[in-house]
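Note that these values count all heavy atoms, side chains included, but never hydrogens, waters or copies made by symmetry.
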Amino acid sequence: MEVTYIQEELSKVAQQLIGTFSEQTIWLFSGEMGAGKTTLIKSICESHKVVDQMSSPTFSIVNEYETDTGETINHFDFYRLKSVEEAIDIGVEDYFYSGDRCFIEWADIIRDLLPGNYLEININLVDRKTRHLITSVHERTL
């Protein structure tokens, strides 16, 4: 999937992603600082009808949200991690292999810990108001 959008179209983009990639539980969000990774994740969570207050997990590393149907969504931000061992220490593999949805920002440091299949969403700044999104599904044999 490839799409260019503005902020006002974010909900529509979130719904397209959910509809297209509903089978994928691990979603990586890539893009430079300020590209809109957290904002897109919040919109996706709203489309999943998350009942908890959502915020960036920059300092907590992971936020767990519950939907109105009792589904758990885990939102990770690995920007501050210095090593993969830090991620292992907080039990990320348990999250990744739980079957729950995991939305991950700044995933480079933990890529080797991911299950074989995941979705990557790359967000590029076009200008101050416009973003360009490209998705790719990764499948690897463990």
- Query: What's the spacing between I109 CD1 and E85 CD if we round to 0.5 Å?
  - Reply: 8.5 Å
- Verify side chain to side chain contact (heavy atoms under 4.5 Å, CB included) between V84 and L113, making sure each step is shown before the conclusion. CA-CA 9 Å; V84 71; L113 302 176; 3.5 Å; yes
- Message: With a 4.5 Å cut-off on side-chain heavy atoms, are I41 and T39 touching?
- Response: no
- Query: Would you say L17 and L40 make side-chain contact, with heavy atoms under 4.5 Å?
  - Reply: yes
- Task: For residues F96 and F76, establish whether the separation of their ring centroids is below 6.0 Å.
- Result: yes
- So L28 and I121, side chain to side chain contact (heavy atoms under 4.5 Å, CB included) or not? Walk me through it. CA-CA 6 Å; L28 310 186; I121 300 168; over 6 Å; no
- Message: In the structure I gave you, are the side-chain heavy atoms of I18 and S47 within less than 4.5 Å of one another anywhere?
- Response: yes
- Message: Suppose we screen for ring pair (Phe, Tyr, Trp, His ring centres under 6.0 Å). Which residues come up paired with F21, at least two apart in sequence or across chains?
- Response: none
- Query: Going by heavy atoms in the side chains, are T25 and C102 under 4.5 Å from each other?
  - Reply: no
Ignoring hydrogens and angles, write down the donor-acceptor pairs under 3.5 Å from the side chains of residues 124-134, residues two or more places apart or on other chains.
| from | atom 1 | to | atom 2 | distance (Å) |
| --- | --- | --- | --- | --- |
| D127 | OD1 | K129 | N | 2.9 |
| D127 | OD1 | T130 | N | 2.8 |
| D127 | OD1 | T130 | OG1 | 2.9 |
| D127 | OD2 | T130 | OG1 | 3.4 |
| R131 | NE | A35 | O | 2.7 |
| R131 | NH1 | D127 | O | 3.0 |
| R131 | NH1 | R128 | O | 3.3 |
| R131 | NH2 | G34 | O | 3.3 |
| H132 | ND1 | T4 | OG1 | 2.6 |
| H132 | NE2 | E2 | OE2 | 2.8 |

- Query: Among all residues two or more places apart in sequence or in another chain, which pass the salt bridge (Lys or Arg N to Asp or Glu O under 4.0 Å) test with E120?
  - Reply: R111
- Query: Any side-chain heavy-atom pair from N63 and N74 closer than 4.5 angstrom?
  - Reply: no
- Any side-chain heavy atom of L114 within less than 4.5 Å of one from I26? yes
- Quick one: does R80's side chain have a donor or acceptor within less than 3.5 Å of a partner on F59's backbone? yes
- Pairwise side-chain contact, P115 with Y97, heavy-atom cut-off 4.5 Å (strictly under): yes
- Which heavy-atom pair separates I104 from I110 by the least distance, and what is that distance? CG2-CD1, 4.3 Å
Side-chain donor-acceptor pairs of residues 6-16 under 3.5 Å, sequence neighbours excluded:
| from | atom 1 | to | atom 2 | distance (Å) |
| --- | --- | --- | --- | --- |
| E9 | OE1 | I6 | N | 3.0 |

- Message: Membership question, hydrophobic clusters at under 4.5 Å side-chain separation (ILVMFWY): are Y95 and W27 in the same one?
- Response: no
- Pairwise salt bridge (charged side-chain N to carboxylate O under 4.0 Å, His left out) hits with a residue in residues 89-104, at least two apart: E71-R101
- Task: Go through the steps to decide whether V137 and Q24 satisfy the test side chain to side chain contact (heavy atoms under 4.5 Å, CB included), and finish with yes or no.
- Result: CA-CA 9 Å; V137 175; Q24 296 290 335; 3.5 Å; yes
- Message: If we ignore hydrogens and angles and just use 3.5 Å, is the side chain of D77 paired with the main-chain N or O of I61 as donor and acceptor?
- Response: no
- Are M54 and F29 in one and the same hydrophobic cluster, where Ile, Leu, Val, Met, Phe, Trp and Tyr link if side-chain heavy atoms are under 4.5 Å apart? yes
- Item | Distance (rounded to the nearest 0.5 Å) between T72 OG1 and H48 NE2 | 12.5 Å
- Using a distance-only test with no angle check, is there a side-chain donor-acceptor pair under 3.5 angstrom linking S30 and N122? no
- Query: Is there a donor-acceptor contact under 3.5 Å linking the side chains of E64 and H75?
  - Reply: no
- Would Y79 and W106 count as a close aromatic pair, with their ring centres under 6.0 Å? yes
- Message: Could you measure the distance from the CD atom of E46 to the OG atom of S43? Nearest 0.5 Å is fine.
- Response: 5.5 Å
- Here the salt bridge (charged side-chain N to carboxylate O under 4.0 Å, His left out) pairs for residues 32-44, sequence neighbours left out, are none
- Message: Could you check whether any side-chain heavy atom of F103 comes within less than 4.5 Å of a side-chain heavy atom of I73, counting everything from C-beta outward?
- Response: yes
